[in-house]
Amino acid sequence: MTADDLRGRNAWRTAVFIAILTMLVVGFLVSNAIGSMKVPLRDILRIIAKGGEESPFGMVIWNVRLPRTLVAVFVGMNLAVSGAILQGVMGNPLADPGIIGISSGAGLFGMIILTLYPQLQSIVPPFAFLGAMIAALLIYALAWKGGIQPMRMILSGVAVSAFFSAGISALLVFYSDRVHGALMFMSGGLSARSWPQLGQILPYSIVGITLAVLLSGRLNILHMGDDVARSLGLNVERNRILLTAVAAILAASAVSVAGLLGFVGLIVPHTVRLLTGNDHRYLIPTSALLGSALLTLSDTFARTVFSPIEVPVGVVMAILGVPFFLYLLRRGL
């Protein structure tokens with residue numbers, strides 16, 4: 001590749017990044033502006049700059065829409081980056097924290113707390129991370145046969161996902177009196193999410209995204225194949241486990257506040273890969289922005305289009321994600 005080609009590619013990647021950032025800013029403002037009460041843009045900016053105010057607009061923006069939008073930003077970011085990491089680790093564009101079972105593991109452990117000990121909601125994120133890591137270790141144990149093959153990991157993940165989903169179903173049977181909250185958790189949604197949920201997800205997002213960016217170079221090496229990675233001095237299995245743990249942190253924190261929200265980690269990284277290529281130094285930050293923008297806009301659509309009925313955003317993501325998943329299968333990926 002010539003220097004001119006490299007400059008052209010970097011200019012294109014920068015343009016894509018700026019376009020997606022603009023999409024996120026627009027989605028953020030639209031999410032705060034529309035609903036049962038329309039709020040002008042100048043009022044939104046004033047209220048945010050002042051840190052809230054005692055007015056009807058101020059109460060709606062500061063107490064309801066702003067925290068919910070910020071939760072959507074970080075949930076979308078975490079799921080998208082988790083999917084990008086898993087696709088890089090497994091070498092398969094079908095990898096997604098929901099499809100391969102990591103979200104189901106986090107969901108089961110989160111459901112145990114929410115169902116049996118609802119007063120301990122503050123420990124849901126670390127407990128969900130424990131479930132995600134147990135799911136990941138099970139996937140590795142089932143897929144290991146003289147090494148790890150990406151397709152074996154995908155198939156093992158599907159089996160693990162079914163196992164943990166059965167555990168969630170069992171909880172619903174034994175604690176049917178609490179089924180409403182459980183169903184909302186299973187469908188994935190952001191209704192009534194506010195500042196406490198933002199406080200839950202924020203530290204895990206900061207740690208997980210930072211680690212993902214720092215380890216993006218190792219993902220590039222893994223993408224070259226195990227033999228090449230080993231020849232370059234990379235401990236393949238150790239780094240797979242490390243990167244899977246980062247993906248688990250991100251997925252578990254998202255599941256703990258939004259429930260079993262699927263397909264973000266499938267759609268977003270693959271779309272960004274088509275636009276910018278396989279270099280994870282660009283793929284991960286761009287996926288983070290697109291995941292935030294997609295979930296913010298989808299949640300706005302879900303809560304406004306059928307108002308006063310609010311559709312869980314997980315339903316919207318499934319409508320988008322299932323055709324995309326079938327398209328990837330059709331292409332033979």
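Computed over heavy atoms, backbone and side chain alike; hydrogens, waters and symmetry mates excluded. Counting begins at 1 with the first residue of the sequence.
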Measuring from atom [atom1] of [X] to atom [atom2] of [Y], what distance do you get when rounded to the nearest 0.5 angstrom?
X: L45; Y: L41; atom1: CG; atom2: CG; value: 4.5 Å
X: E54; Y: M59; atom1: CD; atom2: CE; value: 5.5 Å
X: L289; Y: I18; atom1: CG; atom2: CD1; value: 11.0 Å
X: I85; Y: L211; atom1: CD1; atom2: CG; value: 8.5 Å
X: L142; Y: L155; atom1: CG; atom2: CG; value: 11.0 Å
X: K50; Y: I61; atom1: NZ; atom2: CD1; value: 13.5 Å

Quick check against the 3.5 Å criterion: does [X] have a side-chain atom that pairs as donor or acceptor with the backbone of [Y]?
X: T304; Y: T300; result: yes
X: D299; Y: L295; result: no
X: S161; Y: G157; result: no
X: R13; Y: T276; result: yes
X: R193; Y: V257; result: yes
X: S169; Y: S165; result: yes

Can you check whether [X] reaches [Y] side chain to side chain, under 4.5 Å on heavy atoms?
X: I139; Y: T244; answer: no
X: I100; Y: V160; answer: no
X: V246; Y: V81; answer: no
X: L294; Y: L320; answer: yes
X: I221; Y: N239; answer: no
X: L79; Y: F263; answer: no
X: D279; Y: H223; answer: no
X: L261; Y: V313; answer: yes

Shortest non-hydrogen contact from [X] to [Y]?
X: S191; Y: E310; answer: CB-OE2, 3.2 Å
X: P269; Y: G83; answer: CG-C, 3.8 Å
X: P97; Y: A251; answer: CB-CB, 3.8 Å
X: S216; Y: I284; answer: CB-CD1, 4.0 Å
X: G35; Y: R65; answer: CA-NH2, 3.4 Å
X: I168; Y: S104; answer: CD1-O, 4.2 Å

remark   = For F28, the ring-ring contact (aromatic ring centres under 6.0 Å, His included) test, sequence neighbours excluded, returns none

query = Got a sec, which residues hit salt bridge (Lys or Arg N to Asp or Glu O under 4.0 Å) with D96, two or more places apart in sequence or on another chain?
reply = none

If Ile, Leu, Val, Met, Phe, Trp and Tyr residues are connected whenever their side-chain heavy atoms lie under 4.5 Å apart, and connections chain through other members, are [X] and [Y] in the same group?
X: L297; Y: V64; answer: no
X: L242; Y: V207; answer: yes
X: F174; Y: I113; answer: yes
X: F129; Y: L138; answer: no
X: F324; Y: V158; answer: no

inquiry  = Over 60° means perpendicular and under 30° means parallel, so tell me whether F127 and F109 are parallel, tilted or perpendicular.
reply    = tilted

message = Less than 3.5 Å apart, any donor N or O on the side chain of T296 or S31 sitting next to an acceptor on the other?
response =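 No, because no side-chain N or O of T296 sits under 3.5 Å from a partner of the opposite role on S31.
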
task = Tell me yes or no: between the side chains of S256 and Y204, is some donor less than 3.5 Å from an acceptor?
result = no

I34 vs V30, side chain to side chain contact (heavy atoms under 4.5 Å, CB included): CA-CA, chis, key distance, verdict = CA-CA 6 Å; I34 67 174; V30 168; 3.9 Å; yes

Residue among R273, H270, H280 satisfying side chain to side chain donor-acceptor pair (under 3.5 Å) with Q87 = R273

key: Residue list, side-chain contact (heavy atoms from CB on, under 4.5 Å) with P67, at least two apart or on another chain   =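 Partners of P67 by the side-chain contact (heavy atoms from CB on, under 4.5 Å) criterion, ordered by chain and then number, come out as S194, W195.
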
message = Looking at L232, I'd like to know if its CG atom is crowded, meaning that more than 12 non-hydrogen atoms belonging to other residues, nucleotides or ligands lie closer than 6.0 Å.
response = yes

message = Please determine whether the number of non-hydrogen atoms from other residues, nucleotides or ligands lying under 6.0 Å from atom CZ of F163 exceeds 12.
response = no

message = Please evaluate residues F301 and V311 with respect to the criterion side chain to side chain contact (heavy atoms under 4.5 Å, CB included), reporting the C-alpha separation (whole Å), side-chain torsions for both, the decisive distance (0.1 Å), and the verdict.
response = CA-CA 9 Å; F301 178 87; V311 178; over 6 Å; no

